[in-house]
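Have a look at the structure below before the remarks.
Order of appearance sets the numbers: ligands from 1, and atoms from 1 within every ligand. Model, not experiment: these values are computed from the prediction.
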Amino acid sequence: MTTADLVYDPYDYEIDADPYPIFKRLRDEAPIYYNEQHHFWALSRFDDVLEASLDAETFSSARGTVIELMDEPMADPPMIFMDPPRHTSFRKLVSRTFTRHRVGELEGRIRELCAGILDPFIGSGGFDYVADFGARLPVMVISSLLGAPDEDQDQLRIWSDYALHREPGETGMSQAARDASKEIFRYWQQHIDARRRRPGDDVMSELVQAELEQGDGTTRRLSDSELHAFFILISAAGNETVARLLGWTATLLARNPGERAKLVERPGLIPNGVEEILRYEAPSPVQGRWVTREVEYYGTVVPKDSKITLLTASANRDEREFEEPDRLDVSRRIDRHLSLGFGIHFCLGASLARLEGRVALEETLRRFPSWEIIEDGLEMVHTSTVRGYARVPLRL
Ligand code: HEM
């Protein structure tokens with residue numbers, strides 16, 4: 001068996017459009033793979049990705065988790081780019097405020113937001129499920145979670161729409177996007193200042209007052225820049241990923257109308273359907289790591305100080321773990337998948353992501369039990385962190 005013609009290039013748009021045939025070949029023919037052009041290794045089997053995710057000492061996040069950014073580690077990294085013990089203190093602090101209970105309290109608000117966006121499309125010919133809905137919902141949800149008052153939501157949404165907007169063919173931020181980002185920064189600074197003066201009962205007030213454990217047994221409060229960095233992290237980690245999940249939800253269910261009909265008939269299946277959609281199309285398909293000691297896989301030595309990618313999306317389609325992995329089956333029994341990570345960096349927003357995925361789907365199916373995708377209007381986003389659609393035009 002030759003693997004000379006087996007190339008996995010994560011920057012190739014054609015591969016990115018459908019990476020699964022290559023992922024299958026990697027799992028079968030090169031479960032430890034080296035890309036000579038971009039100098040990184042790749043693990044593609046479920047068990048290997050899982051084990052590496054659990055071993056943060058060998059597979060470090062401290063140089064970042066995006067392979068092209070690892071050569072120059074960040075001076076002031078967010079929690080997702082930290083190793084213990086620094087990661088442990090930050091994670092402990094934010095986990096106390098980011099509880100399942102607090103996230104659960106958002107359900108009514110998420111439903112209201114869905115209704116506000118989806119109702120105007122009832123009786124219309126169609127809309128863009130991601131541009132008009134999936135990309136907007138998570139931004140509004142995170143603002144609510146942080147404690148932005150309802151009356152500010154429209155302004156925040158307008159700024160966020162500008163900040164997220166990219167000119168056709170451009171990947172960088174436009175001037176309007178930069179200005180909007182500055183306004184958002186100023187807005188949150190005012191709230192930080194106000195919460196420092198008079199704390200309320202919201203996530204931001206708790207974060208402002210929270211004590212970060214230092215290595216020497218002392219504690220201190222977070223600085224303004226650490227608070228902004230955290231807001232930016234949860235927005236970056238929570239908005240693009242949920243938008244991609246919702247885009248996959250609309251496309252996969254349109255292409256599998258039988259599965260969609262099951263969810264309409266038995267809404268109790270929706271939470272499982274969301275897990276299956278997460279498994280089937282991982283919104284964050286690749287996690288990068290830095291190898292801190294020599295390791296060996298299948299007789300091949302991966303040297304210390306190598307870059308390695310954990311191919312989550314491949315692991316989730318590994319036939320060694322899942323029966324008929326390439327079949328979308330909303331009633332499949334799923335004990336575990338890797339789309340929300342595993343180990344110490346397990347997605348902090350997992351319960352929020354699941355809640356948004358479930359409520360968005362419930363509210364969609366209640367209003368629109370079926371739809372068609374305008375396939376030639378689909379547009380993918382091309383980033384090294386998320387994979388999915390920026391535009392999903394629907395015909396109702
Ligand atoms: C469908 C939606 C989502 C997906 C697929 C997703 C996926 C992931 C994955 C795979 C990781 C692990 C990264 C790694 O191991 O390097 C992660 C971590 C993280 N996620 Fe999510 N995420 C989602 C939604 C959210 C939301 C809504 C939030 C915020 C509210 C969030 C905040 C975070 C944070 C802060 C981390 C870093 C945790 C740490 O370093 O300890 N995510 N996410």
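Of the charged side-chain nitrogens involved, at least one lies within less than 4.0 Å of a carboxylate oxygen, so that Arg25 and Asp5 count as a salt-bridged pair. At a threshold of 4.0 Å, the pair Arg27-Glu319 counts as salt-bridged, since one of the basic side-chain nitrogens sits closer than that to a carboxylate oxygen. A salt bridge does not link Arg195 to Asp193: none of the charged side-chain nitrogens sits closer than 4.0 Å to a carboxylate oxygen.
In this structure a side-chain-to-backbone donor-acceptor pair under 3.5 Å is present from Trp248 to Arg387. Judged by distance alone, with hydrogens and angles left aside, the side-chain atoms of Asp152 form no donor-acceptor pair with the main-chain N or O of Ala148 at under 3.5 Å. Distance alone, capped at 3.5 Å, places no donor-acceptor pair between the Arg220 side chain and the Glu211 backbone.
Of the N or O atoms in Ser61, none lie within a sub-3.5 Å distance of an N or O in ligand 1. For the pair His345 and ligand 1, the shortest N or O to N or O distance falls below 3.5 Å. For a threshold of 3.5 Å applied to N or O pairs, the pair formed by Ser339 and ligand 1 contains no separation below that value.
The protein atom (non-hydrogen) at minimum distance from atom 23 (C) of ligand 1 is Thr241 OG1, 3.4 Å. Gly238 CA, 3.3 Å is the protein heavy atom nearest to atom 26 (C) of ligand 1. Annotation: atom 32 (C) of ligand 1 to nearest protein heavy atom, Ala237 CB, 3.5 Å. Summary of contacts: the protein heavy atom closest to atom 8 (C) of ligand 1 is Cys347 CB, 3.8 Å. Scanning all protein heavy atoms for the shortest distance to atom 34 (C) of ligand 1 gives Leu348 CB, 3.7 Å. Protein heavy atom nearest atom 38 (C) of ligand 1, with residue, atom name and distance: Arg91 NH1, 3.3 Å.
In this structure, His87 is part of the shell of residues with a heavy atom less than 4.0 angstrom from ligand 1. Residue-ligand proximity: Leu145 is placed with every non-hydrogen atom at 4.0 Å or more from ligand 1. Look at Ile142 and you'll find a heavy atom under 4.0 Å from some atom of ligand 1. Ligand 1 has at least one atom lying under 4.0 Å from a heavy atom of Phe98. Judged by the shortest distance from any of its heavy atoms, Arg289 lies inside the 4.0 Å radius around the atoms of ligand 1.
A distance below 6.0 Å separates the ring centres of Phe368 and Phe127.
Within ligand 1, counting atoms from 1 as listed, the ones closer than 4.0 Å to a heavy atom of Gly341 are 10 (C). Near Gln287, with a cut-off below 4.0 Å to any heavy atom, the atoms of ligand 1 are 10 (C), 13 (C), 14 (C). For ligand 1 and Ala353, the ligand atoms under 4.0 Å from any heavy atom of the residue are 1 (C), 2 (C), 24 (C). In the vicinity of Ile344, heavy-atom distances shorter than 4.0 Å reach the ligand 1 atoms 41 (O). Of all atoms in ligand 1, listed by their number and element, those nearer than 4.0 Å to a heavy atom of Leu233 are 35 (C). If you number the atoms of ligand 1 from 1 as listed, the ones under 4.0 Å from a heavy atom of Pro283 come out as 5 (C).
If you look at Leu352 next to ligand 1, the close heavy atoms, those under 4.0 Å, all belong to the side chain. Contacts of Met79 with ligand 1, taken as heavy-atom pairs under 4.0 Å, involve both backbone and side chain. Of all the heavy atoms of Thr65, the ones lying under 4.0 Å from any atom of ligand 1 belong exclusively to the side chain.
Counting heavy-atom neighbours within 6.0 Å of Arg178 CZ, excluding the residue itself, gives a total above 12. The environment of CZ in Arg100 is sparse: at most 12 heavy-atom neighbours from other residues, nucleotides or ligands sit within 6.0 Å.
In this structure, the side-chain contact (heavy atoms from CB on, under 4.5 Å) partners of Val286, at least two apart in sequence or on a different chain, are Tyr8, Thr309, Leu311.
Minimum heavy-atom separation, Pro283 to Arg244: CB-CB, 3.9 Å. Residues Val330 and Glu259 come closest through the heavy atom pair N-OE1, 2.7 Å.
For residues 42-80, every residue pair satisfying the ring-ring contact (aromatic ring centres under 6.0 Å, His included) rule, not counting sequence neighbours, is listed here: Phe46-Phe322.
When Tyr33, Tyr298, Tyr34 are each tested for a ring pair (Phe, Tyr, Trp, His ring centres under 6.0 Å) with Trp41, only one passes: Tyr34.
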